[in-house]
*Asks:* 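Here's a structure for you.
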Amino acid sequence: NVEQVLEFRVMPYASSQLMVVVRDVTRLKQLEQMRKDFVANVSHELRTPLTVVTGYLEMLDGDALPPPAMWHKAQHTMLEQCKRMDSLVNQLLSLSRIEGARRQDNDKAVNVPQLLKYIETEAHSLNQEKKHQLLFDIDRQLDIRGSEDELRSAFSNLVFNAIHYTKPGGNIVVRWLRDNDRAVFTVTDNGDGIAAEHINRLTERFYRVDKARSRTTGGSGLGLAITKHVLTRHDSALNINSKLGEGSTFSFAFGKDKVIALR
Ligand code: ADP
């Protein structure tokens, strides 16, 4: 948050007069602040796993080698942290690719039911510990025009978040259905829910409601920022309805110029 910033410049005017030029540089300052915050966030997110890996490597580099059981734990933790860094870098790359892509660059007919079938399979394997009831209600004839890779990340971010942020044994319903001439995607969970003051900020990069808890679930706070960009590029927008302690519904719709209904 940057308050209004004005820049004053005094310049000679005519032979014996002065002129004051006032420039509103608020937007420039805001952009500068956003850039600094972004770099600070990326550095922080990378430093945390790096510190863990460095700590273990230093321990293994010492004179007395730790017992083999400890070695295995170290190996396991280092691998987890490296995967975390890898996933963060991949998300950053996809964010920058989406932001840089010209609209409709890679657009083609996308078989959304098939895409959702893959996501359903992944969701079931992710769900093994949580044992939620997962229901997929999919219109098998509903395709849209867009970028397949981008849409895959938008759909899967919402489905995987519902699994992550719902306590074991929850109910999650995923719908891909027609509503008049629009195609609507909805994910409803009866999970943690989100307090009203956070909802508008969820699509900011690195924004997480509960930073400590998200860290243990491996989240980086980039998923919904990516989803928002993907949807903007497809002339859509993310709707979030949520109540703390009761659950959430994340949804978006595509207009008729994007919809290809096959019946
Ligand atoms: P993360 O990598 O942390 O999951 P996201 O950008 O996908 O990042 O989500 C941002 C934050 O929004 C999450 O950290 C979480 O606090 C909140 N959130 C997202 N989806 C849900 C959900 N279905 N239920 C409750 N909170 C959610």
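Hydrogens, waters and symmetry mates play no part in the numbers below; they use all other heavy atoms, side chains included. Counting starts at 1 for both ligands and their atoms, following the listed order.
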*Asks:* Within a distance under 4.0 Å of any heavy atom of Gly221, pick out the atoms of ligand 1 and give their elements.
*Replies:*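 Taking each heavy atom of Gly221 in turn, ligand 1 has 1 (P), 2 (O), 3 (O), 6 (O), 8 (O) under 4.0 Å.
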
*Asks:* Does the N or O separation between Gly193 and ligand 1 drop below 3.5 Å for any pair?
*Replies:*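 No, since none of the N or O atoms of Gly193 sits under 3.5 Å from an N or O of ligand 1.
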
*Asks:* Does an N or O from Tyr165, backbone or side chain, lie closer than 3.5 Å to an N or O of ligand 1?
*Replies:*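 Between Tyr165 and ligand 1, an N or O pair is found under 3.5 Å apart.
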
*Asks:* Do any nitrogen or oxygen atoms of Phe250 lie less than 3.5 angstrom from nitrogen or oxygen atoms of ligand 1?
*Replies:*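 For ligand 1, there is no N or O atom that lies under 3.5 Å from one belonging to Phe250.
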
*Asks:* Under 4.0 Å from any heavy atom of Ser248, which atoms of ligand 1 are there?
*Replies:*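 Near Ser248, meaning under 4.0 Å from one of its heavy atoms, ligand 1 has 24 (N).
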
*Asks:* So which atom in Gly191 and which in Thr166 form the shortest heavy-atom distance, rounded to 0.1 Å?
*Replies:*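 Heavy atoms of Gly191 and Thr166 come nearest at CA-OG1, 3.4 Å.
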
*Asks:* Verify whether one side chain among Ser251 and Thr186 offers a donor that lies under 3.5 Å from an acceptor in the other.
*Replies:*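 Looking only at side-chain atoms, Thr186 and Ser251 do not form any donor-acceptor pair under 3.5 Å.
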
*Asks:* Anything under 30° is parallel, anything over 60° is perpendicular, the rest tilted; go ahead and classify Phe254 against Trp176.
*Replies:*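 The arrangement is perpendicular - the two ring planes meet at more than 60°.
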
*Asks:* Any N/O of Ser220 closer than 3.5 Å to an N/O of ligand 1?
*Replies:*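 Yes, there is a polar N/O contact under 3.5 Å.
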
*Asks:* Does the N or O separation between Arg208 and ligand 1 drop below 3.5 Å for any pair?
*Replies:*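 N/O-N/O distance under 3.5 Å: no.
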
*Asks:* Regarding ligand 1, does Leu202 bring an N or O atom to under 3.5 Å of one of the ligand's N or O atoms?
*Replies:*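 Among all N and O atoms of Leu202, none is under 3.5 Å from an N or O of ligand 1.
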
*Asks:* Any non-hydrogen side-chain atom of Phe185 less than 4.5 Å from a side-chain atom of Val174?
*Replies:*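 Counting from C-beta outward, Phe185 and Val174 do come under 4.5 Å.
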
*Asks:* Are any of the N or O atoms of Val209 closer than 3.5 Å to those of ligand 1?
*Replies:*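 Yes, at least one N or O pair falls under 3.5 Å.
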
*Asks:* Is there a chain of hydrophobic side chains (I, L, V, M, F, W, Y, each step under 4.5 Å between heavy atoms) that links Val173 to Leu238?
*Replies:*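 Result: no, two separate clusters.
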
*Asks:* Please name the pair of heavy atoms, one in Val230 and one in Ser153, separated by the smallest distance, quoted to 0.1 Å.
*Replies:*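 Result for this residue pair: CG2-OG, 4.2 Å.
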
*Asks:* Which option wins on minimum heavy-atom distance to atom 20 (N) of ligand 1: Val159, Leu158, Asn161, Ile172?
*Replies:*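 Residue with the shortest heavy-atom distance to the ligand atom: Asn161.
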
*Asks:* Considering only heavy atoms of Ile194, which atoms of ligand 1 have at least one such atom less than 4.0 Å away?
*Replies:*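 Checking each atom against Ile194, I get 25 (C), 26 (N), 27 (C).
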
*Asks:* Does an N or O from Tyr207, backbone or side chain, lie closer than 3.5 Å to an N or O of ligand 1?
*Replies:*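 Among all N and O atoms of Tyr207, none is under 3.5 Å from an N or O of ligand 1.
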
*Asks:* CD of Gln133: more than 12 outside heavy atoms within 6.0 angstrom?
*Replies:*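 No, the 6.0 Å shell around CD holds no more than 12 heavy atoms from other groups.
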
*Asks:* Look at the aromatic rings of Phe155 and Phe252 and report parallel, tilted or perpendicular, splitting at 30° and 60°.
*Replies:*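 Ring orientation, 0 to 90° scale: tilted.
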
